[in-house]
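First comes the structure, then the notes that go with it.
Along the sequence shown, residues are numbered consecutively beginning with 1. FYI, side chains are in, hydrogens and waters are out, and symmetry mates aren't considered; it's all heavy atoms of this structure. Bear in mind the structure is a predicted one, so any value in this text is a computation, not a measurement.
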Amino acid sequence: MSQPIHISARRMYLYFLGLVLLITVAAMSGLWLGRHSAATDDLAAEVTETTAPPATKPSAEPPLYLSLQVPAGPAREAVRDEIALSANAGLHQYVLSVVLPWQGDMAEFLEPVSYVLSQDPAAQFLLKVSLDPPAEWLRAHPQDAAKLDDTGLLSVSLASEAWHEDAKAALEAMVSAVNSSAPGRVQGYILSCLDNGSWYHSDGYDRSEANTKAFQEWLKARYADDAALQTAWGDPVIAREMAAIPQRSNSSSLEAVFLTLPQQRPISDYLQYTSDCTANAIEMLAGCIKDTAGQSTVVLAYYGYSFELLSNDAGHFALGKLLDGKLDGFASPVSYFDRGLGGTGGVMGPVDSVAAHGKKWYLIDDTRTGIAFDPATGEIERPKNVRPEDVYSVQQRNFALAVTHQMGLFWSDPQGDGQLCDAGMWERFAKMADIYQEIDAHRNADDVPLSGQPELAVVVDEVSRSYQQCDKLLNDILLNQNLESVIRAGIRTKFYLLSDVLDERVAPANVYLFLNAFHLNAEDRDRLHGVLERNRATAIWLYAPGYITDTASVDNISATVCMTVKAFDKAERMGSTSLLSESGSAKPFGKPVTVYPAFYIDDPKADSLAEYTASRKTSIASHFFAEWSSIYCAEPSLTGPLLRELLRMLEMPLPYREATAGDGMTEFYDAVYFGPNLLAIHAKESGERIIDLGEICHIRDLFSPEIGWQRKRTFGLHLRTGDTRLLRLTPIGAEEEY
């Protein structure tokens, strides 16, 4: 039986009284805090034709936060300085890591809150609450601690009913304490647990007593009776109440991509269960907070990393279950795949599906600045081999990604060691806040979208993850590497779940890129074709779309892509040559890996666009129908140059002017983000870009308002490696207020 949580009422009253007095004193001493005006950007003006007046700002602060923890000891001085810099920049919103009071110790929990308030009396909080139980709890509940393959007790099992009970009790006590001690200060809570607080399951299947019991209950909900389970698993004697956690399959080879059904159906079911169990725990805890704090209280979770996490047992693939639930949003770092200077940054999950459900995604900018508190000297040390301008450029890129996709942003000092102790940095953050408010003031009001600007929907499927045997190697290509190619292709892009595309929950797109739509039943396949027809769109399918229904068959791929597709008899070496471009910019392509199953197109009605280098069989083909078109790429990888060639073949206007043979131009593949009348560019390399907007616009660089162009359709843009520009585009037909 779990131990009840006891809280001393007298101790709590005295603590609350002291906290109120501390806040009052801090408020009087902190009235001097004001806002510094943003510093002038150090980029030289290219054209200065107009300087527009600032837009009228909404009263609410933009969704920008300083994320930190308050350490003990001398390092606290570094956090004090960061808080002062944030407050002086006019930014008073904080993501603050706090300790969940498992035994009712409210003093330890509330102390970081009171410390920040003593430094910034205007502070507002999102409290990041770790739900990992203490070591003492795990020792007292051995049946509820995760037991991973060949490892000791590492963490709690999210299936544990005892953990559910104690975590809810601790949350209720915490919320009650917050409501009493700091009313109106806490906007909401961020739920964190497991690896790095991100609800990520470490490698291995959890064989704890709690998880085994919960898996059996999940099977009872999934299968009507034991006979149905026996048929699905191909096991004539299995019973739902006796099912064990399956053995983990060997996932390290691309020569065995998919699970064999029905023999490996237990693994497929366990993978789906793991994500469902994780999502259910998050939903339950979010409901607990809202029931205690009020339904308007914001609750977020670090979850939904569909593009980033490569292990299919990570537990992150039930985002769709949470989108219509109690959570208000999600948070993730900038993608770790390509985040350095000149890199794409990128999102970890389908952020635009989240927005389509009326929820918000928050981007965590935890860029390593090299700045840190030195406990030996008590001083803030700055690295000599890192240029501040390079750090600022990466932070500007991350902000541009956030604002174009209408995400919030956390500037993070994850260790509380002074990584953001830089006055120049905070001058830029203050400017970013102004820019965000300016964009918000005009968003959905005065924006007139550029005519003819195409949109690419990048579509990821959660269910298909549970049918893969090989996960990390394939997902690295399909999800990480292809996402980088998309961001460098230079087209307006949205990121969606397949389930939302099927339900037509999201806005229509011109082109849909299906990264991993391996599992489609006949009904969903027909629904998807209907979506494509109604939108008169093009589908670009990768590798094995629709391969798995109840069983796996190449005929399912043919039915999905509407071309005759065949399978190689054995594992095939990837790597192809494009037939699209005479300039050679798109060939060769493909990773030199051996894959099974592997496929090729053998359809006289389809147009061959690429061939495997080894077999000379068609690896990419297109087929155009009356209402929609289909492009099937049997290779798992799609490079930026190749994707750009496909889009040009479809006559999609792109802002980057095409380099042709003999014209002396360089084709640039920068990180490019689009928003409503916004174009952001983070330069991969130095050189002169020629940008063609497709129509005449007024153009202003929001990072450097002195840079602008009046009445231009085409303009040159010289960028150095790592430069970031955020351009406001106003068609001349639009009413211009700034």
Other residues, nucleotides and ligands only: do more than 12 of their heavy atoms fall within 6.0 Å of [atom1] on [X]?
{"X": "Asp569", "atom1": "CG", "value": "no"}
{"X": "Lys220", "atom1": "NZ", "value": "yes"}
{"X": "Asp503", "atom1": "CG", "value": "yes"}

Taking the six-membered ring for Trp, are [X] and [Y] ring centroids under 6.0 Å apart?
{"X": "Phe568", "Y": "Tyr612", "result": "yes"}
{"X": "Tyr547", "Y": "Phe599", "result": "yes"}
{"X": "His316", "Y": "Tyr303", "result": "yes"}

- [ ] Any chance you could lay out the side chain to side chain contact (heavy atoms under 4.5 Å, CB included) test for Thr564 and Ile601, step after step, and finish with the verdict?
- [x] CA-CA 6 Å; Thr564 302; Ile601 302 98; over 6 Å; no
Mind checking the [atom1]-[atom2] spacing from [X] to [Y]? Nearest 0.5 Å is all I need.
{"X": "Ser251", "Y": "Leu474", "atom1": "OG", "atom2": "CG", "result": "11.0 Å"}
{"X": "Ser466", "Y": "Arg265", "atom1": "OG", "atom2": "CZ", "result": "8.0 Å"}
{"X": "Glu308", "Y": "Asn480", "atom1": "CD", "atom2": "CG", "result": "5.5 Å"}
{"X": "Ser558", "Y": "Met563", "atom1": "OG", "atom2": "CE", "result": "9.5 Å"}
{"X": "Ser268", "Y": "Arg465", "atom1": "OG", "atom2": "CZ", "result": "13.0 Å"}
{"X": "Leu520", "Y": "Asn556", "atom1": "CG", "atom2": "CG", "result": "9.0 Å"}

Open item on the list: If you apply the rule salt bridge (Lys or Arg N to Asp or Glu O under 4.0 Å), what do you find for Arg689 with Asp670, and how did you get there?
Closed with: CA-CA 10 Å; Arg689 285 89 171 138; Asp670 302 319; 2.8 Å; yes
Open item on the list: Could you walk me through whether Arg527 and Glu504 satisfy the salt bridge (Lys or Arg N to Asp or Glu O under 4.0 Å) test, starting with their C-alpha distance in whole Å, then the side-chain angles of each, then the deciding distance to 0.1 Å, before giving a yes or no?
Closed with: CA-CA 10 Å; Arg527 290 170 64 201; Glu504 299 188 71; over 6 Å; no
Open item on the list: Does Tyr205 form a ring-ring contact (aromatic ring centres under 6.0 Å, His included) with Tyr270? I'd like the steps, not just the answer.
Closed with: CA-CA 9 Å; Tyr205 292 1; Tyr270 180 76; 4.6 Å; yes
Between the side chain of [X] and the main-chain N/O of [Y], is any donor-acceptor distance below 3.5 Å?
{"X": "Asp500", "Y": "Tyr496", "result": "no"}
{"X": "Arg397", "Y": "Gly343", "result": "yes"}
{"X": "Arg240", "Y": "Leu229", "result": "no"}
{"X": "Asn482", "Y": "Leu515", "result": "no"}
{"X": "Thr260", "Y": "Gln263", "result": "no"}
{"X": "Arg573", "Y": "Pro592", "result": "yes"}

Open item on the list: Run the side chain to side chain contact (heavy atoms under 4.5 Å, CB included) test on Asn475 and Lys472 for me, step by step, so that the C-alpha distance in whole Å, both residues' side-chain angles and the decisive distance to 0.1 Å come before the verdict.
Closed with: CA-CA 5 Å; Asn475 293 335; Lys472 293 181 181 179; over 6 Å; no
Quick one: are [X] and [Y] in side-chain contact, heavy atoms under 4.5 Å?
{"X": "Leu513", "Y": "Val459", "result": "no"}
{"X": "His405", "Y": "Val347", "result": "no"}
{"X": "Pro597", "Y": "Tyr543", "result": "yes"}
{"X": "Met649", "Y": "Leu609", "result": "yes"}
{"X": "Phe589", "Y": "Thr639", "result": "yes"}
{"X": "Phe337", "Y": "Asp476", "result": "yes"}
{"X": "Cys562", "Y": "His623", "result": "no"}
{"X": "Asp461", "Y": "Phe518", "result": "no"}

Minimum heavy-atom separation for [X] and [Y], please, with both atom names.
{"X": "Ile245", "Y": "Asp206", "answer": "CG1-O, 3.6 Å"}
{"X": "Phe317", "Y": "Ser306", "answer": "CE2-CA, 4.1 Å"}
{"X": "Trp199", "Y": "Ala301", "answer": "NE1-CB, 4.2 Å"}
{"X": "Ala621", "Y": "Ala606", "answer": "CB-CB, 4.0 Å"}
{"X": "Trp541", "Y": "Ser630", "answer": "NE1-OG, 2.9 Å"}
{"X": "Leu322", "Y": "Lys359", "answer": "O-CE, 3.8 Å"}

Open item on the list: Hydrogens and angles aside, do Thr344 and Glu484 bring a side-chain donor and acceptor to less than 3.5 Å of each other?
Closed with: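 Checked: Thr344/Glu484 side chains show no N/O donor-acceptor pair below 3.5 Å.
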- [ ] Classify the side-chain pair Trp628/Asn535 by whether it contains a donor and acceptor separated by less than 3.5 Å.
- [x]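 Looking only at side-chain atoms, Asn535 and Trp628 do not form any donor-acceptor pair under 3.5 Å.
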TODO: Identify whether the distance between the nearest side-chain nitrogen and carboxylate oxygen of Asp324 and Arg505 falls below 4.0 Å.
DONE: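 Here Asp324 pairs with Arg505 in a salt bridge, since their nearest N and O are under 4.0 Å apart.
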Task: Cation-pi geometry met for Arg488 and Tyr669 (6.0 Å, 45°) - done: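 Relative to the ring axis of Tyr669, which defines the angle, Arg488 lies outside at least one limit.
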Open item on the list: Ring-plane angle category for Phe307 and Phe495, please: parallel below 30°, perpendicular beyond 60°, tilted otherwise.
Closed with: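 Ring orientation, 0 to 90° scale: perpendicular.
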TODO: Using the six-membered ring wherever Trp is involved, compare the ring planes of Tyr467 and His519 and label them parallel, tilted or perpendicular (cut-offs 30° and 60°).
DONE: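 Tyr467 vs His519 ring planes: parallel.
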Task: Residues Asn510, Thr538; criterion side chain to side chain contact (heavy atoms under 4.5 Å, CB included); working and verdict - done: CA-CA 6 Å; Asn510 305 89; Thr538 295; over 6 Å; no
Task: CA sep, side-chain torsions, deciding dist, call: Arg648, Glu667, salt bridge (Lys or Arg N to Asp or Glu O under 4.0 Å) - done: CA-CA 14 Å; Arg648 285 172 175 154; Glu667 189 100 36; 2.9 Å; yes
Open item on the list: Walk me through whether Lys566 and Asp602 qualify under salt bridge (Lys or Arg N to Asp or Glu O under 4.0 Å).
Closed with: CA-CA 7 Å; Lys566 295 183 178 180; Asp602 185 15; 2.9 Å; yes
TODO: Please determine which of Asp276, Asp313, Asp471 meets the side-chain contact (heavy atoms from CB on, under 4.5 Å) test together with Leu271.
DONE: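 Going through the options one by one, the only one that passes is Asp313.
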